[in-house]
Protein chains: 2
Amino acid sequence: MKIGELAQLARCTVETVRYYEKAGLLAMPERNAANYRHYGAGHVERLRFIRNCRALDMTHEEIRALLGLMDTPAAACGEVNQLLDAHIGHVDARIQELTELRVQLTDVRRQCQSEQSVAACGILQGLVQMDAGEKNGRHTHLG
Amino acid sequence: MKIGELAQLARCTVETVRYYEKAGLLAMPERNAANYRHYGAGHVERLRFIRNCRALDMTHEEIRALLGLMDTPAAACGEVNQLLDAHIGHVDARIQELTELRVQLTDVRRQCQSEQSVAACGILQGLVQMDAGEKNGRHTHLG
DNA sequence: TGCACACCCTGAAGTGACTACAGGGTCAAG
DNA sequence: CTTGACCCTGTAGTCACTTCAGGGTGTGCA
């Protein structure tokens with residue numbers, strides 16, 4: 001099949017497919033006489049795998065590691081488990097961060113319930129005075 | 001004060017301060033004879049405001065809008081409220097997305113509890129077969 | 001036969017919010 | 001008079017794409 005059909009099967013754009021090829025996630029396919037890429041069932045499976053990992057917010061590095069493990073089928077899957085556990089840790093950490101953020105945001109928001117002038121608005125006062133603390137490093141790759 | 005002191009007061013790097021200046025978030029300060037930037041109390045307040053907004057994961061666009069509103073102090077603060085409510089909405093949406101993600105991840109993870117070969121590992125099978133659905137557009141600017 | 005139109009190709013540049021680096025200038029202390 | 005901490009500009013790199021410019025290919029229809 002051509003790249004458009006592959007992209008449709010994996011629910012992504014053709015640009016993304018070409019990008020994955022350049023990024024080394026998807027193997028370079030054969031070309032026909034017109035230099036068009038020509039894909040088979042293996043490519044569909046691989047691309048679906050990649051898109052599923054991305055839907056789970058894994059980085060290309062994490063995905064590359066999983067793909068590498070898949071290509072040594074005799075290896076033990078302990079590393080796969082570790083990788084997934086680490087990723088679940090990232091997601092948990094980000095949920096925790098965002099939950100704390102939400103508390104801070106509603107704190108700030110509470111400071112203005114009425115329509116008044118910007119000059120007196122408690123929200124802006126709050127945003128000037130708030131102390132963000134030093135703990136705001138990003139601890140996961142999830143934004 | 002010079003840029004290093006300003007950065008320290010706002011808990012960011014001097015590169016970030018210069019970046020905010022180029023991005024139009026922070027006004028260009030005066031320069032001394034040696035072409036060093038020279039800041040005052042107003043800059044500290046403004047930069048703290050920006051850093052606090054960033055700690056709440058607002059985009060530069062959102063911050064620019066808030067700064068614009070601050071600079072017209074007679075205006076009603078209804079727009080400020082709207083902006084903050086919208087941002088709280090983004091955070092809520094992202095927490096929701098990540099929570100669903102976590103469920104999917106633990107579903108996948110559950111498929112391999114034992115040490116076996118990669119070829120038989122249920123996790124990789126799951127990642128190949130999983131159907132991510134079409135609803136995976138990012139709906140917020142939070143990653 | 002001519003042509004419109006959907007699809008394919010490459011390579012470069014843009015996104016957001018920085019970070020890092022190269023290659024220089026300034027200034028106070030020892 | 002030199003060391004080291006600080007400052008300057010400008011460019012490129014990060015991540016996972018998206019968009020664009022400028023072309024080539026292939027099919028259906030008048």
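Below, read A as the first sequence line, B as the second, and so on, with proteins coming before strands; counting in each chain starts at 1. Given the structure is predicted, the values throughout are model-derived calculations rather than measurements.
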Query - Whether A/Tyr20 and A/His60 hold their rings parallel, tilted or perpendicular, with breakpoints at 30° and 60° - result: perpendicular

Requested in this report: Verify the contact: side-chain N or O of A/Arg37 to OP1 or OP2 of D/dT25, cut-off strictly under 4.0 Å; return yes or no.
Outcome: no

Query raised in the report: In whole angstroms, how far is the C1' atom of C/dT26 from the CD1 atom of B/Ile3?
Result: 15 Å

Query - C/dG16 OP1/OP2 closer than 4.0 Å to side-chain N/O of B/His60 - result: no

Query raised in the report: B/Val80 versus B/Leu84: any side-chain heavy-atom pair under 4.5 Å?
Result: no

Query raised in the report: What are the two closest heavy atoms between B/Thr16 and B/Thr13, and how far apart are they?
Result: OG1-OG1, 2.9 Å

Query raised in the report: More than 12 heavy atoms of other residues, nucleotides or ligands under 6.0 Å from CD of A/Glu45: is that the case?
Result: no

**Report entry** Bend angle of the helix from C/dT1-D/dA30 to C/dG30-D/dC1, from helix axes over five pairs at each end, nearest 10°
**Finding:** 30°

**Report entry** Check ion pair B/Arg18-B/Glu21 (N to O, under 4.0 angstrom)
**Finding:** no

Query raised in the report: Does D/dA16 have OP1 or OP2 sitting under 4.0 Å from an N or O in the side chain of A/Thr16?
Result: no

Query raised in the report: Is the shortest side-chain N/O distance from B/Tyr20 to OP1 or OP2 of C/dC18 below 4.0 Å?
Result: yes

Query - Distance test, side-chain N/O of A/Arg31 to OP1/OP2 of C/dT10, below 4.0 Å - result: yes

Query raised in the report: Starting at NZ of B/Lys2 and ending at P of C/dT26, how long is that distance when rounded to a whole Å?
Result: 13 Å

Requested in this report: Specify the separation, in whole Å, of atom CG of B/Asn32 and atom P of C/dT26.
Outcome: 10 Å

Requested in this report: May I ask you to decide if B/Leu56's main-chain N or O and B/His87's side chain share a donor-acceptor pair within less than 3.5 Å?
Outcome: yes

Report summary line: Atom CZ of B/Arg54 and atom C1' of C/dT19 are separated, to the nearest Å, by 14 Å

**Report entry** Shortest side-chain distance from B/Ala34, nucleotide among D/dT11, C/dC18, C/dC27
**Finding:** C/dC27

Query - First of A/Ala33 and A/Thr59 reached from the 5' end of DNA chain D, by closest nucleotide - result: A/Thr59

Query raised in the report: Looking only at atom types and distance, does a side-chain atom of B/Arg64 sit under 3.5 Å from a main-chain N or O of B/Ala23, one as donor and one as acceptor?
Result: yes

Please write out the pairs of protein N or O atoms and N or O atoms of nucleotides 20-25 of chain C separated by less than 3.5 Å, giving the distance to one decimal.
residue: C/dG25; atom: N2; partner: B/Tyr36; partner atom: OH; Å: 2.9

Query raised in the report: How close or far is atom P of C/dG16 from atom CG of B/Asp57, stated in whole angstroms?
Result: 15 Å

Query raised in the report: Within the structure, does a side-chain N or O atom of B/Arg64 lie under 4.0 Å from either OP1 or OP2 of C/dA17?
Result: no

Query raised in the report: Is it the case that more than 12 heavy atoms not belonging to A/Gln8 sit under 6.0 Å from its CD atom?
Result: no

Requested in this report: Measure from CG on A/Leu6 to C1' on C/dC7 and round the result to the nearest Å.
Outcome: 15 Å

**Report entry** B/Lys22 or B/Glu5, whichever maps to the more 5' nucleotide of DNA chain D
**Finding:** B/Glu5

**Report entry** Residue pair A/Leu98 / B/Asp57, side-chain heavy-atom distance below 4.5 Å
**Finding:** yes

Query raised in the report: Are A/Glu100 and A/Gln104 close enough that a side-chain donor and a side-chain acceptor fall under 3.5 Å?
Result: no

Report summary line: A/His38 NE2 to C/dC7 C1', in whole Å, measures 16 Å

Query raised in the report: Rounding to a whole Å, what distance do you find between A/Met1:CE and C/dC8:P?
Result: 12 Å

